[in-house]
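Presented below is the structure to which this report refers.
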Protein chains: 2
Amino acid sequence: MENFLSLPEDKQRTIRNSALKVFGENGYKKASVKDIADEADISKSMVFHYFGTKKDLYLYLVDYCSKVLTGPLTSIQKDLPRDYFERMKVATEKQMGVLKDEPFFLKFLTSMLSESDPEISEELQTYRNYAATFQSSYALDDMDFSKFKEDVDLKVVLRMMVWMAEGFSRNVSLESEEDLDKYIDQFNEAVELLRFNLYKEEYL
Amino acid sequence: MENFLSLPEDKQRTIRNSALKVFGENGYKKASVKDIADEADISKSMVFHYFGTKKDLYLYLVDYCSKVLTGPLTSIQKDLPRDYFERMKVATEKQMGVLKDEPFFLKFLTSMLSESDPEISEELQTYRNYAATFQSSYALDDMDFSKFKEDVDLKVVLRMMVWMAEGFSRNVSLESEEDLDKYIDQFNEAVELLRFNLYKEEYL
DNA sequence: TATTTGTTGACCGATTCGGTCGATGGTTGT
DNA sequence: ACAACCATCGACCGAATCGGTCAACAAATA
């Protein structure tokens with residue numbers, strides 16, 4: 001473990017990314033250490049040299065992700081905009097900041113939340129409800145909904161945005177790094193379009 | 001192969017579903033025949049008895065899916081509504097009709113389109129561009145965009161709807177059969193909300 | 001040069017892979 | 001009643017792959 005942490009930052013990131021990708025795509029059991037090593041362009045032996053066992057590697061990734069979630073993403077929690085769409089934009093922007101460095105962060109997290117392999121299920125239990133509470137409080141706490149037109153059903157808007165965000169996020173890993181910013185702008189354009197058409201005129 | 005086709009309809013569906021699920025979730029190589037058999041509650045031997053080889057099973061599924069795509073889904077192609085949102089609703093409704101019987105149809109198709117295993121890549125090439133052309137023509141052909149408010153950027157709307165539809169579809173397989181209709185209604189509600197706020201007043 | 005450190009490919013036993021096959025038990029025709 | 005048939009399964013096959021180890025080589029440090 002300390003073998004890995006004493007690596008140069010970007011080599012760490014490369015390896016982490018490969019591991020996040022392979023685990024995220026295949027789940028714990030079907031992800032093989034060889035696949036991860038190949039993806040990271042190192043030998044299988046090195047993975048064991050760095051992390052000890054496959055399980056240790058997986059749990060390191062879980063721990064790393066939870067630290068990212070509590071760190072950069074919650075640091076803005078206090079002064080989150082009360083405006084719904086503004087918050088949506090800030091949130092995705094922050095999220096994309098992470099995804100730019102770790103494109104498979106999200107896929108791994110999703111896969112992890114539905115992971116059921118007995119070899120790691122115990123250790124995951126702790127992190128799971130943690131991520132759940134985080135997600136919900138983050139989204140709606142202290143939100144100002146008063147700017148919406150009165151005939152707009154907020155429940156519907158909320159669900160719609162969840163779908164949108166999911167569809168959007170799901171395709172992030174397909175974008176090349178240089179196109180990512182444009183892709184994010186496209187999302188913001190959509191958010192703006194909604195704001196413009198769903199808010200009362202006096203708030204535009 | 002004829003062994004399988006002479007099975008009662010619903011047993012065929014059960015097995016097909018299990019195969020679509022396992023292949024869709026794991027890709028061709030990592031999907032194991034044992035997993036499929038377990039999911040379908042039959043013995044591994046039966047899978048081989050029905051389909052011959054793993055490859056034959058996979059290609060059967062591909063062929064089956066392409067037939068579904070050319071059959072039920074294109075039968076409405078001629079009299080598709082020219083109204084954008086109306087078409088969106090009709091399309092998802094049809095799509096859901098399929099997904100009610102084959103919940104993993106979509107996941108399998110997505111996975112298939114990015115399948116790269118050399119053992120099947122040749123045979124897939126044919127189906128791939130087929131699915132691509134289908135998707136695009138289906139979506140936009142002969143559409144009436146004149147009802148939108150003039151300051152609405154259509155490109156943005158289109159992209160947004162793609163994200164929405166993807167996020168929505170992605171969660172269909174999580175819904176229980178009895179809740180599926182409600183879930184579809186939620187999507188239609190969202191479509192209605194958009195239509196109501198993005199169309200010129202005279203078209204409401 | 002001597003020594004440590006990073007890295008690898010060959011290798012281990014165990015498991016799982018796709019696929020086969022003989023045994024079993026139910027169904028059908030006679 | 002028997003025989004012919006056929007669906008179904010569990011045991012089994014050789015080959016591949018699994019997680020993990022280790023001796024040996026290369027590079028850097030001293």
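Every chain is numbered from 1, with letters handed out A, B, ... down the list of sequences.
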Whole angstrom is fine here: how far is it from [atom1] in [X] over to [atom2] in [N]?
X: Y58(B); N: dG18(C); atom1: OH; atom2: P; result: 14 Å
X: F4(B); N: dT8(D); atom1: CZ; atom2: P; result: 12 Å
X: N26(B); N: dG18(C); atom1: CG; atom2: P; result: 11 Å
X: L5(B); N: dA7(D); atom1: CG; atom2: P; result: 13 Å
X: K29(B); N: dT16(C); atom1: NZ; atom2: P; result: 17 Å
X: I36(A); N: dG20(D); atom1: CD1; atom2: P; result: 11 Å
X: D117(A); N: dT16(C); atom1: CG; atom2: P; result: 11 Å
X: L7(A); N: dT5(C); atom1: CG; atom2: C1'; result: 13 Å

(message) For the CD atom on E93(B), are there more than 12 heavy atoms of other groups (residues, nucleotides or ligands in this structure) within a distance under 6.0 Å?
(response) no

(message) A quick test of your reading: do over 12 heavy atoms of other residues, nucleotides or ligands sit less than 6.0 Å from NZ of K34(A)?
(response) no

(message) Expected output is a numbered-order residue list: members of residues 37-57 of chain B with a heavy atom under 4.0 Å from any atom of DNA chain D. What is it?
(response) S43(B), S45(B), M46(B), H49(B), Y50(B)

(request) Without swapping roles, check the side chain of E175(A) against the backbone of E177(A) for a donor-acceptor pair under 3.5 Å. (result) no

(message) Starting the side chain at C-beta, find the nucleotide from dT17(D), dG19(D), dC17(C) nearest to V33(A).
(response) dG19(D)

(request) Could you pick out which residue, K34(B) or N3(A), lies toward the 5' side of DNA chain C when each is mapped onto its nearest nucleotide? (result) N3(A)

(request) Could you tell me whether the side chain of K149(B) reaches within less than 4.5 Å of the side chain of L198(B), counting heavy atoms only? (result) no

(request) Check the angle between the aromatic planes of F108(A) and Y58(A) and answer parallel, tilted or perpendicular using the 30° and 60° thresholds. (result) tilted

(message) Quick check on the 6.0 Å ring-centre criterion: do Y50(B) and Y60(B) meet it?
(response) no

